[in-house]
Engineer: 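Here's a structure for you.
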Amino acid sequence: MTVIKRSQKDTTTDLITAIDVLIPLLRDQKEDEAVGVLATAAKALKSAKPQSAEHRQAVASVVDAFEGDHELISYTFQRDNGSQWTEVEELSQASARVLSLARRMQ
């Protein structure tokens, strides 16, 4: 088995993309405050250098949106047992991806 290490820049790019996918899904759930936090974090990640204080703070705010007051982590657990792809499944997958990438960067 080959383990490919990802660079911080690649992971940051993936996190920004994942946040951009998650934001419209959260808007549909009326999670406006959390959307604001994630949008601000994505903007900071775009401009900050990896491992800078601003970069670390942006990643921490993403993780906090899941584990703190906004409790977005609850979306990562929602599953639909149907055979069709649903918005619930899409939201679950998108939120799990954002959280996983942010935790990886901490």
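Just so it is clear, the structure is predicted and the values come from calculations on it, not from any experiment.
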Engineer: Please check if L26 and V63 belong to a single hydrophobic cluster, counting links between Ile, Leu, Val, Met, Phe, Trp and Tyr side chain heavy atoms closer than 4.5 Å.
Structural biologist: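 No, because L26 and V63 fall into different hydrophobic clusters, even though each may have its own neighbours under 4.5 Å.
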Engineer: Please list, one pair per line, the donor and acceptor atoms closer than 3.5 Å that link side chains of residues 95-106 to other protein atoms, with sequence neighbours excluded.
Structural biologist:
from: S95; atom 1: OG; to: L91; atom 2: O; distance (Å): 2.9
from: S95; atom 1: OG; to: S92; atom 2: O; distance (Å): 3.1
from: R103; atom 1: NE; to: E67; atom 2: OE2; distance (Å): 3.2
from: R103; atom 1: NH2; to: E67; atom 2: OE2; distance (Å): 2.5

Engineer: I'd like to check the side chain to side chain contact (heavy atoms under 4.5 Å, CB included) partners of S7; sequence neighbours left out, ordered by chain and number.
Structural biologist: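 Testing S7 for side chain to side chain contact (heavy atoms under 4.5 Å, CB included), a comparison that skips the adjacent residues, returns K9, D10.
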Engineer: Between CD of Q29 and CG of L25, what distance do you get to the nearest 0.5 Å?
Structural biologist: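 One gets 8.0 Å once the value is rounded to the nearest 0.5 Å.
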Engineer: By the side-chain hydrogen bond (donor to acceptor under 3.5 Å, both in side chains) test, which pairs, at least two apart or in different chains, include something from residues 31-42?
Structural biologist: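 The answer is E31-Y75.
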Engineer: How far apart are the closest heavy atoms of A94 and V21, and which atoms are they?
Structural biologist: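 Taking A94 first and V21 second, the nearest heavy atoms are CB-CG1, 4.2 Å.
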Engineer: Determine whether V37 and L22 fall in the same hydrophobic cluster, where Ile, Leu, Val, Met, Phe, Trp and Tyr are linked whenever their side-chain heavy atoms lie under 4.5 Å apart.
Structural biologist: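 Cluster IDs for V37 and L22 differ.
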Engineer: With rounding to the nearest 0.5 Å, note down the distance linking CG in L38 to NZ in K43.
Structural biologist: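 These two atoms lie 15.0 Å from each other.
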Engineer: Can you tell me how far the OG1 atom of T13 sits from the CG atom of L45, to the nearest 0.5 Å?
Structural biologist: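 T13 atom OG1 to L45 atom CG measures 9.5 Å (nearest 0.5 Å).
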Engineer: Of all residues at least two apart in sequence or in a different chain, which pass the side chain to side chain contact (heavy atoms under 4.5 Å, CB included) check with A41?
Structural biologist: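 In terms of side chain to side chain contact (heavy atoms under 4.5 Å, CB included), with neighbours along the sequence ignored, A41 is linked to A58, S61, V62.
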Engineer: Mind checking what makes side chain to side chain contact (heavy atoms under 4.5 Å, CB included) contact with E54, not counting sequence neighbours?
Structural biologist: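 Once residues adjacent in sequence are excluded, the partners of E54 under the side chain to side chain contact (heavy atoms under 4.5 Å, CB included) criterion are A44, S47, A48, S52.
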Engineer: Does T12 have any side-chain hydrogen bond (donor to acceptor under 3.5 Å, both in side chains) partners at least two apart in sequence or in another chain, and if so, which?
Structural biologist: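 H55.
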Engineer: Should the heavy atoms of other residues, nucleotides or ligands under 6.0 Å from CG of D28 be counted, would the total exceed 12?
Structural biologist: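 Counting other residues, nucleotides and ligands, CG of D28 exceeds 12 neighbours.
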Engineer: Under the side chain to side chain contact (heavy atoms under 4.5 Å, CB included) test, which residues partner D20, sequence neighbours left out?
Structural biologist: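 Side chain to side chain contact (heavy atoms under 4.5 Å, CB included) list for D20, sorted by chain: I16, K46.
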Engineer: Distance from F66 atom CZ to L72 atom CG, nearest 0.5 Å?
Structural biologist: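 Result: 5.0 Å between the selected atoms.
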